[in-house]
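If you read the sequence from its start, that first residue is 1, and numbering goes on from there.
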Amino acid sequence: MNRTGWQDYRVTLTAGLPVRLAVSGDYVKIQTAAAPVRLAFDGGEYIEREQTQGDPFRYESEVRLLSEVDQTVVVSLGYAVNAPPFDGRASVTGTVNAIVDKVTVRPTYPDVAIPAGTQVMVAAADPDRLSLLVQLPDDAAGNVRVGDNATAANQGVILYPGDAVLVSGAPAVYVFNTADSPVTVALIAERAP
């Protein structure tokens, strides 16, 4: 049995007379209809849907359509593979105003050299900064620690050569060099425009 795809059925309904379609599927959508359409699946109870409404319903053998008025409808039936309910009846008359946020910017910072056994502020507090990526190059002489102004040889996130850490938020960021030689860290930030 083919369990993929849709088929549109154009059905002329006479008020009060059900029409049976021998079909299986897992989704139904009323494409066009002048008035509400009632549907029943595999002999079950009727539900009512309007033009542009679609829903997941599993049916193995039949779909019955019924209308209270004479009308021709187009209904899509078949397999939609976990499609969500759909309702396209909403409409807007008038002007729609929307505020679209500007995209963020990602400025690079100059590399920062950190002498052996010292702490350096690599980025000052910045209320517009969303995050800061701190990277220790592959060829670094040793590890560093990243954190706030209390960062020390035994405190902060450890970065090994080749590692990077993403620090969220606007506070100042400090790096402590635990190596016996100077190291350099690379930085890139994400800022609100």
Given D126, V165, L187, the one that forms side-chain contact (heavy atoms from CB on, under 4.5 Å) with L132: L187

Check: V73 and V11 side chains under 4.5 Å, non-hydrogen atoms: yes

Hydrophobic cluster membership, V134 vs F176, 4.5 Å side-chain cutoff: no

Heavy-atom donor-acceptor pair, R20 side chain to R64 backbone, under 3.5 Å: no

Note, R49 side chain near V37 side chain (heavy atom, < 4.5 Å): no

Within 6.0 Å of OH in Y46, more than 12 heavy atoms from elsewhere: yes

Validation row: P161, N143 side chains within 4.5 angstrom (heavy atoms): yes

Spatial distance of atom OG1 (T108) from atom CG (L133) [nearest 0.5 Å]: 12.0 Å

Stepwise side-chain contact (heavy atoms from CB on, under 4.5 Å) check, I114 with V183: CA-CA 5 Å; I114 303 166; V183 297; 4.3 Å; yes

Can I get a per-line list of side-chain donor-acceptor pairs under 3.5 Å for residues 144-159, giving both atom names and the distance, sequence neighbours left out?
residue	atom	partner	partner atom	Å
R145	NE	A153	O	3.4
R145	NH1	G156	O	2.9
D148	OD1	A150	N	2.9
T151	OG1	G147	N	3.2
T151	OG1	D148	N	3.1
T151	OG1	D148	O	2.7

Any donor-acceptor pair under 3.5 Å from D180 side chain to A116 backbone: no

Hphob cluster co-occupancy, V185 + Y160, side-chain heavy atoms under 4.5 angstrom: no

E48, CD: over 12 other non-hydrogen atoms inside 6.0 angstrom: yes

Criterion side-chain contact (heavy atoms from CB on, under 4.5 Å) on L130 and R191, from CA distance to verdict: CA-CA 5 Å; L130 303 172; R191 298 183 79 241; 5.9 Å; no

Co-membership, hydrophobic cluster, residues V23 and F57, 4.5 Å side-chain: yes

Verdict with supporting geometry, E50 and I30, side-chain contact (heavy atoms from CB on, under 4.5 Å): CA-CA 6 Å; E50 296 180 21; I30 305 297; over 6 Å; no

Side-chain heavy-atom pair V175, V120 within 4.5 angstrom cut-off: no

Side-chain touch E190/L166, heavy atoms, less than 4.5 angstrom: no

Residue list, side chain to side chain contact (heavy atoms under 4.5 Å, CB included) with P85, at least two apart or on another chain: D55, P56

Spacing of CG belonging to L17 relative to OG1 belonging to T12, to within rounding of 0.5 Å: 12.5 Å

Connected via hydrophobic side-chain network under 4.5 Å: Y9 and L66: no

Distance in Å, D138 CG paired with Q135 CD, rounded so as to fall on 0.5 Å steps: 7.5 Å

Cluster link Y59 to W6, ILVMFWY, side chain under 4.5 Å: no

Residue pair F41 / I47, side-chain heavy-atom distance below 4.5 Å: yes

Donor + acceptor pair across side chains of D70, T14 (<3.5 Å): no

Q7/L21 under side-chain contact (heavy atoms from CB on, under 4.5 Å): CA gap, chis, key distance, verdict: CA-CA 12 Å; Q7 184 170 342; L21 300 173; over 6 Å; no

